[in-house]
Amino acid sequence: MDPVNLGTYAQNTWCPGCGNFAILNAAKAALSSLAQEGTPLENVVLVSGIGCHAKIVDYINANSFYSIHGRVVPAAEGIKLARPNLKVIGFAGDGDAYGEGMEHLIFAAKRNIDITMIIHNNRVYGLTTGQYTPTSPLGFRGRSTPLGTSELPINPLELMLSSGATFIARGTSHGLELLKKIFKEAILHKGFALVDVLQVCVTYYNMYQYYDKRAYELKDHDYTDYYKAMDKIREWDYNADKPIALGTFYKKELPAFEDRLPKFEKTVQDREARLKEVLNEYV
Ligand SMILES: Cc1ncc(C[n+]2csc(CCOP(=O)(O)OP(=O)(O)O)c2C)c(N)n1
Ligand code: SF4
Ligand SMILES: [Mg+2]
C-alpha cells in the first residue's frame with residue numbers, strides 16, 4: 001500500500017527553518033505508517049492548543065479540534081471518554097502544556113488516560129514573540145526578560161514520571177527518523193504517553209547547535225525500570241551543560257483510565273471486584 005497523503009491545502013506560515021516542520025513530517029509519516037498497518041485514519045483525532053505549534057492540525061488531513069491555550073489535555077480527555085475507540089493525539093506548546101496547562105498534564109498522567117501528548121518544546125512563547133516559559137534556562141533573555149530570567153527551569157519529564165505517566169520519551173527537531181519511531185510507539189501505547197520534542201524556534205531561541213552537540217540516543221536502556229528512567233531523565237535538567245538523552249525513557253503496561261471506570265456494575269461489591277481484577281496483577 002502506498003504512503004497515505006496527509007497533506008492539506010492550508011498555506012504554511014511557520015518561519016523557514018522552524019523545528020515544527022520536523023514534527024509535522026514525523027507525525028504525517030507515523031500516521032501514514034499506522035494507517036498502512038491497519039489503524040483507520042477516521043478513528044484518529046488530533047487536538048491542538050494556541051501557539052505556533054497549534055497550526056500543525058491545519059497541515060494534516062485528519063479529524064482535528066483546535067482548543068484553547070493550556071487546554072489541549074482536557075479537550076483530548078473529553079474526546080477519549082466520549083469515544084474510547086478513537087486514537088486521540090494532542091499537540092501542545094511548552095507554554096501551553098508546561099505553563100498554563102500543567103495541572104491537566106499531571107492529572108492525565110495520574111489517571112493514565114489513553115491519549116498521546118506531543119509537546120513542541122521550543123522553550124519559548126513563539127507566537128507571542130519570545131517570552132520565557134517553564135523550560136527556558138536560567139538567565140534566558142526574551143521579550144519579557146531583557147535582563148535574563150531569575151528562575152531555574154522545571155524538568156517536565158521528571159514531573160511526568162512521578163505523576164504516573166506510563167510512556168515518556170524525548171526527541172529533537174533534528175532527528176526525524178527517531179521522531180517518527182517515537183511518535184508511532186507513543187500512539188500505539190495504551191495509556192498516557194508524553195513525547196517531549198526539543199523543537200527549535202529559529203526566530204526566538206535557536207538551539208540547533210546546542211542540541212546537536214549534546215544530544216545522544218539511548219542504547220541498552222531498561223525502560224521498564226522506574227529508577228533507571230528517572231536517572232536518565234535527570235541527567236540533563238534543561239539548564240546545566242550536560243549530555244541530552246533521546247529516545248524512550250519509560251514504558252509500563254497498566255490498565256488505562258477508561259478501563260477502570262464503572263461499567264454499570266449492579267453493586268459496589270461488583271465494582272470493587274472488577275477493579276481488583278483489572279488492577280491486581282499490576283500493582
Ligand atoms: C488563555 C490564554 N492565555 C494566554 C494566551 C496568549 N497566548 C497565545 S499563544 C501563547 C504562547 C504560546 O507559547 P507556546 O505554548 O510555547 O507555543 P509556541 O507558540 O511556542 O508554539 C500565549 C501566552 C491565550 N491566547 N489564551
Ligand atoms: S516563531 Fe519560532 S516557533 Fe513560531 S514559527 Fe517561527 S520559528 Fe517556529
Ligand atoms: Mg513554545
Side-chain angles (χ1 to χ4, degrees), residues 8 10-28 46-60 64-78 89-106 108 115-138 140-146 149 151 153-157 159-160 170-176 179 183 194-212 238-239 244:
T8 69
Q11 191 190 346
N12 194 303
T13 57
W14 286 328
C15 310
C18 174
N20 280 326
F21 286 102
I23 299 182
L24 174 63
N25 289 333
K28 286 204 291 197
L46 314 178
V47 184
S48 76
I50 300 292
C52 295
H53 64 275
K55 299 176 191 176
I56 194 167
V57 301
D58 289 339
Y59 309 142
I60 302 179
S64 62
F65 183 84
Y66 231 113
S67 71
I68 53 174
H69 189 60
R71 305 292 178 258
V72 177
V73 172
E77 285 183 306
I89 306 163
F91 293 91
D94 50 324
D96 191 310
Y98 299 152
E100 200 155 338
M102 180 54 106
E103 77 283 18
H104 296 300
L105 214 50
I106 292 171
I115 60 174
T116 302
M117 286 298 299
I118 293 172
I119 315 298
H120 303 225
N121 187 3
N122 52 16
R123 307 168 73 202
V124 68
Y125 284 174
L127 191 74
T128 50
T129 70
Q131 298 81 9
Y132 77 103
T133 73
T135 50
S136 306
L138 179 70
F140 173 84
R141 288 200 210 145
R143 289 285 169 97
S144 58
T145 51
T149 59
E151 299 172 33
I154 53 162
N155 182 337
L157 301 190
L159 188 61
M160 284 297 93
R170 188 197 282 135
T172 73
S173 45
H174 250 181
L176 193 59
L179 268 193
F183 285 177
L194 182 126
V195 183
D196 182 65
V197 185
L198 297 172
Q199 170 252 319
V200 170
C201 168
V202 282
T203 303
Y204 297 108
Y205 196 36
N206 193 339
M207 297 289 277
Y208 274 125
Q209 284 186 4
Y210 182 95
Y211 294 145
D212 284 351
Y238 292 73
N239 197 62
I244 302 173

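In listed order, ligands and their atoms are each counted from 1.
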Minimum-distance protein heavy atom relative to [atom]:
{"atom": "atom 9 (S) of ligand 1", "answer": "Ile50 O, 3.6 Å"}
{"atom": "atom 5 (C) of ligand 1", "answer": "His69 CD2, 4.0 Å"}
{"atom": "atom 2 (Fe) of ligand 2", "answer": "Cys201 SG, 2.4 Å"}
{"atom": "atom 15 (O) of ligand 1", "answer": "Asp96 N, 2.8 Å"}
{"atom": "atom 14 (P) of ligand 1", "answer": "Gly95 N, 3.6 Å"}
{"atom": "atom 4 (Fe) of ligand 2", "answer": "Cys52 SG, 2.4 Å"}
{"atom": "atom 6 (Fe) of ligand 2", "answer": "Cys15 SG, 2.3 Å"}
{"atom": "atom 8 (Fe) of ligand 2", "answer": "Cys18 SG, 2.4 Å"}
{"atom": "atom 3 (S) of ligand 2", "answer": "Asn122 ND2, 3.6 Å"}
{"atom": "atom 7 (S) of ligand 2", "answer": "Val202 N, 3.5 Å"}
{"atom": "atom 17 (O) of ligand 1", "answer": "His53 ND1, 3.1 Å"}

Please identify which atoms of ligand 2 are closer than 4.0 Å to at least one heavy atom of [X].
{"X": "Trp14", "answer": "5 (S)"}
{"X": "Gln199", "answer": "3 (S)"}
{"X": "Tyr204", "answer": "1 (S)"}
{"X": "Thr203", "answer": "6 (Fe), 7 (S)"}

Which atoms of ligand 1 are found less than 4.0 Å from any heavy atom of [X]?
{"X": "Gly126", "answer": "18 (P), 19 (O), 20 (O)"}
{"X": "Cys52", "answer": "18 (P), 19 (O), 21 (O)"}
{"X": "Val124", "answer": "16 (O), 20 (O)"}

So which heavy atom on [X] is nearest to which on [Y], and how close?
{"X": "Asp96", "Y": "Gly70", "value": "OD1-N, 3.1 Å"}
{"X": "Cys15", "Y": "Phe21", "value": "O-CE1, 3.4 Å"}
{"X": "Gly95", "Y": "Tyr125", "value": "CA-CE2, 3.3 Å"}

Between [Y] and [X], is there a side-chain heavy-atom distance shorter than 4.5 Å?
{"X": "Asp58", "Y": "Tyr66", "result": "yes"}
{"X": "Ile60", "Y": "Leu46", "result": "yes"}
{"X": "Val72", "Y": "Phe91", "result": "no"}
{"X": "Tyr98", "Y": "Asn121", "result": "yes"}
{"X": "Arg170", "Y": "Ile244", "result": "yes"}
{"X": "Thr128", "Y": "Tyr204", "result": "no"}
{"X": "Ile119", "Y": "Val195", "result": "no"}
{"X": "Tyr238", "Y": "Leu138", "result": "no"}

Contact check: [X] vs ligand 1, nitrogen or oxygen atoms, below 3.5 angstrom:
{"X": "Thr133", "answer": "no"}
{"X": "Thr128", "answer": "no"}
{"X": "Leu127", "answer": "yes"}
{"X": "Tyr125", "answer": "no"}

message: For Asn20 and Tyr59, which I'm curious about, is there any donor-acceptor pair between the side chains at under 3.5 Å?
response: no
task: Examine ligand 1 and decide if any of its atoms is less than 4.0 Å from a heavy atom belonging to Asp94.
output: yes
- request: Under 4.0 Å, heavy atoms only, figure out whether ligand 2 is touched by the backbone of His53, its side chain, both or neither.
  value: neither
Just list the side-chain donor-acceptor pairs under 3.5 Å for residues 205-212, sequence neighbours left out, or say none.
{"from": "Asn206", "atom 1": "OD1", "to": "Tyr208", "atom 2": "N", "distance (Å)": "3.2"}
{"from": "Tyr208", "atom 1": "OH", "to": "Gly17", "atom 2": "O", "distance (Å)": "3.0"}
{"from": "Tyr211", "atom 1": "OH", "to": "Arg123", "atom 2": "NH1", "distance (Å)": "3.0"}
{"from": "Asp212", "atom 1": "OD1", "to": "His174", "atom 2": "ND1", "distance (Å)": "2.9"}
{"from": "Asp212", "atom 1": "OD2", "to": "His174", "atom 2": "ND1", "distance (Å)": "2.9"}

field: Region of Glu100 that comes within reach of ligand 1 [heavy atoms, distance under 4.0 Å]
entry: side chain
query: Applying a 4.0 Å heavy-atom criterion (strictly less than), which segment of Asn122 is in contact with ligand 1: side chain, backbone, both, or neither?
result: side chain
Under 3.5 Å donor-acceptor, Ser173 side chain and Val197 backbone: no
- prompt: Counting heavy atoms not belonging to Phe65, are there more than 12 under 6.0 Å from its CZ?
  reply: no
